[in-house]
Amino acid sequence: MTKRSTSFETSVRSIKDGDTIIVGGFGLCGIPEKAITALAEHGAKDLTVVSNNCGVDDWGLGLLLANKQIKKMVASYVGENKIFEEQYLNGELEVELVPQGTLAERIRAGGAGIRGFYTPTGVGTPIAEGKEHKEFDGRTCILEEAITGDAALVKAWKGDPYGNLIYRKTARNFNPLAAAAGKKTIAEVEELVEVGQLDPDFIHTPGLYVQDILEGGAYEKRIEKRTVAQA
Amino acid sequence: MTKRSTSFETSVRSIKDGDTIIVGGFGLCGIPEKAITALAEHGAKDLTVVSNNCGVDDWGLGLLLANKQIKKMVASYVGENKIFEEQYLNGELEVELVPQGTLAERIRAGGAGIRGFYTPTGVGTPIAEGKEHKEFDGRTCILEEAITGDAALVKAWKGDPYGNLIYRKTARNFNPLAAAAGKKTIAEVEELVEVGQLDPDFIHTPGLYVQDILEGGAYEKRIEKRTVAQA
Amino acid sequence: MSNSREKIINRAVQEIEDGMIVNLGIGMPTMIANHIPAGTDVFLHSENGLLGIGPYPDESELDPDLINAGKETVTVKNGGSFFDNAESFAMIRGGHIDLAILGGMEVSENGDLANWMIPEKMVKGMGGAMDIVQGARKVVIIMNHVNKHGASKVRKSCDLPLTGEQVVSRLITDMAVFDFTENGMILKEVLNGADIASVRENTEASFTVDEALMQKEDSK
Amino acid sequence: MSNSREKIINRAVQEIEDGMIVNLGIGMPTMIANHIPAGTDVFLHSENGLLGIGPYPDESELDPDLINAGKETVTVKNGGSFFDNAESFAMIRGGHIDLAILGGMEVSENGDLANWMIPEKMVKGMGGAMDIVQGARKVVIIMNHVNKHGASKVRKSCDLPLTGEQVVSRLITDMAVFDFTENGMILKEVLNGADIASVRENTEASFTVDEALMQKEDSK
């Protein structure tokens, strides 16, 4: 029952024009850099991409933007990218801005089979327009709906052939949520270990959420804001 | 900022008559046995207890039943307990049966500030009566509301003075959910370790959910159904 | 093991395919685990927070912290994992379980299931059954065809309170195998000792007979 | 650091008490971390999945997998923990963060906050701000009292699209400290260089003056 895929090219081939894909990462931290690069080469178009951010001009999801593969972006913050601004102002790119916690919860709901949930986040703001409102103990909430993806691209630190994954530090971020919400989840790892080497008490993503797993080799792991202590 | 409490007696003293308490454990596995025993001695009455099960006659939550401290039980399965049946049939005990997944999700929602959610679980059954129904992509769902507790009692394997917790095997069950949903969460652990000894990548319950932490000493850990392989 | 139980379990185990994630209900369904052929690589899911149930432990492995949903002590398979109950039901509700095999009290011709309460008796609770029937990709119910008074448990509609509406994919009894489809309830197989006529006699529900099965019986 | 920024940060840091869980917004609020007195035992929460932000790393500690919500490389404090974004916002929305200190563009007299978009400009997104203002137990906003044209940012009502309605607990500007209560907006403190009259002059919002502050100024 191994889920090892032979190549990133093979794994992303099933992604079709018009698909919705959920992509892990926060800024450039913990992004599935190999699968994104393979998807840029694959060239599937009119994608709806769900991810907290949209990369930078020449890295991460920015590569898909540069290729004009993205029709719609669902994100909480997209401020790091000139191509994004250009395509948005041109009307080439549709954008749905979602509060970060609501975005995380909508993806989590998608993976968990929860169809919708009530949250106070966004009440009284443009985000609440057109959404159902309901009071709970005097607190007004809005109804937000689940997000699922035709595919999910995630990056973990270690994984095993059954698809069990562990993440490292803040590179975890949206990755476990995306993993559970994709119909086909492609997981890339820095190190693919033997079955039994991950402690069953400390697996972040149990293998049943993962359809393809690949070892990504050397990772670039770009840093967006390199801040060091003044000596 | 240590959360070490001096004794179970001190910790449970803040629980008042009429409080709602959420209690971790599945059957007798992973139950907070020391805190339950202390609460039985403390004697707070008219409690609403939220827990997957209600212990057995002489152990776990059964001790609170025997003491007639429980007014209402919210659980998914209560079949292991004669006192329970007696009090229920007498009309002394109110029972709200909740599907196990809905119970877990309602407690999780309570801890996460999600006020309500739509699930297909229970549609067309007595559980759905009186609840709001709504269709999502042709699938009928019902609205379920969050559960929070005045207090939560949880049991972990190891913890540190900041309240960080890790659980062992299936003794995890409802414990992390309960921990997040209690206004005052009392965590008992088999071993209290120094700050810094738990790997920050593998903490199941981050310390901010915990108000009191105590080392429980020797644990009885009763087994309900001792099944061994035939040699 | 009674003859009918043996028949049901032997047939039910054939539902389990290599690579599947499977949830087995408490009682008779749990017994299926022992009949899975050695080479089949499946993960058994236990709703109390375990993916990869292993065999029962020997005395030295016995661990009070490691139980299945029936509260029996078990072991964990290599490559398994532990998680909390919300995550466990996220797996179930989110459609990540390929197959659930559960016991039944009544099944109706439109695939309704009743398996959690009998109104006159003390109600113990539904546990995870209502979540599982809504969430698993395929729900197979196993039960005796008739009750101890000889009355059919395969009904036009359920008398008992439901666990779920139109949730059963397949029903396996000690007499027959039925599928529930857009075209209604279909008799797919008769088990050793039964024939289409005897199934009809013992079934209150209306069903059609699969063509292949009809031909097979005609050619006898 | 500019004089007004220094004033704001020095005042804002006094909000942080021993034992608190604190979320600091991107930009000026992040700078508060460096001013927390050494003995204060607080946990700084970063919404990208970290409880217990430590100081910036030295060259040898630099780790691309360890950043804060502003995407700056950081370290983790002893006793800290990592988690996913859903858990991180469960902490926020669930009321487990004692204090959030965020920047503001406009604050209204009833405690509305606008801090995420200017309609004519390219909208970058709200990030986690809308969740934080609804979830944190206490929301403190820090901003300059007036904009670069000298117009008051403390308004009768916000012109800019809101981040949240009636979510601000306290506002700290370079001139004053206001609280938002059931009895409306109250001027609690004037900062060095300002007095009640100058605050009135620069504030569009209606507010009352705290009695203790009134007496203090009268006695000058």
Side-chain angles (χ1 to χ4, degrees), chain A residues 20 30 99 101-123 131-148 156-158 164-173 175-177 190 198-206, chain B residues 20 30 99 101-123 131-148 156-158 164-173 175-177 190 198-206:
Chain A
T20 294
T102 296
L103 182 62
E105 190 68 13
R106 288 178 65 191
I107 301 170
R108 191 250 171 207
I114 296 296
R115 302 307 170 109
F117 57 87
Y118 281 102
T119 172
T121 299
V123 170
K131 289 180 183 156
E132 276 188 38
H133 286 59
K134 191 173 167 68
E135 278 207 11
F136 293 82
D137 299 324
R139 187 86 185 261
T140 306
C141 293
I142 54 176
L143 179 62
E144 295 281 1
E145 295 195 18
I147 295 175
T148 55
W157 181 30
K158 294 182 184 178
N164 292 306
L165 304 177
I166 62 173
Y167 306 91
R168 187 169 172 275
K169 303 187 179 180
T170 56
R172 192 180 324 179
N173 56 62
N175 281 298
L177 312 171
E190 293 181 49
L198 301 178
D199 185 335
D201 267 331
F202 300 111
I203 285 170
H204 296 130
T205 291
Chain B
T20 294
T102 296
L103 182 63
E105 191 68 12
R106 288 178 66 191
I107 300 170
R108 190 253 172 205
I114 295 296
R115 302 308 170 109
F117 57 88
Y118 281 103
T119 174
T121 299
V123 170
K131 290 181 183 155
E132 277 188 39
H133 287 58
K134 191 174 167 66
E135 277 206 11
F136 293 84
D137 300 324
R139 187 86 184 260
T140 305
C141 293
I142 53 175
L143 179 62
E144 295 281 1
E145 295 195 18
I147 294 175
T148 55
W157 181 29
K158 294 183 184 179
N164 292 306
L165 304 177
I166 62 174
Y167 306 92
R168 187 169 172 275
K169 302 187 180 179
T170 56
R172 193 181 322 179
N173 55 62
N175 281 298
L177 311 172
E190 292 181 50
L198 301 177
D199 185 335
D201 268 329
F202 301 110
I203 284 170
H204 296 131
T205 292

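Residue numbering restarts at 1 for every chain, and letters A, B, ... go by the order of the sequence lines.
Remark: B:Phe117 engages no residue in a ring-ring contact (aromatic ring centres under 6.0 Å, His included) (not counting sequence neighbours). Every side-chain contact (heavy atoms from CB on, under 4.5 Å) that B:Thr20 has, sequence neighbours left out, goes to B:Thr48, B:Val50, B:Asp150.
Of the listed residues (B:Leu143, B:Thr121, B:Thr119), the greatest number of heavy-atom pairs within a distance under 4.5 Å of chain A belongs to B:Leu143. Across A:Ala112, A:Ala146, A:Gly116, A:Cys141, the residue that shares the most heavy-atom pairs under 4.5 angstrom with chain B is A:Gly116.
Using cut-offs of 30° and 60° on the angle between ring planes, the pair B:Phe202 and A:His204 is parallel.
Using non-hydrogen atoms only and a strict 4.5 Å limit, the part of residues 132-139 of chain B facing chain A consists of B:Glu132, B:Lys134, B:Phe136, B:Arg139. Residues of residues 101-110 of chain B having a heavy atom under 4.5 Å from any heavy atom of chain A, listed by number: B:Glu105, B:Arg108.
Contact of B:Ile166 with chain A is made through the side chain alone, with heavy-atom distances under 4.5 Å. Within the 4.5 angstrom heavy-atom criterion, only side-chain atoms of B:Arg172, from C-beta onward, approach chain A.
The two residues B:Gly113 and A:Pro120 come nearest to each other via the heavy atoms O-CD, 3.9 Å.
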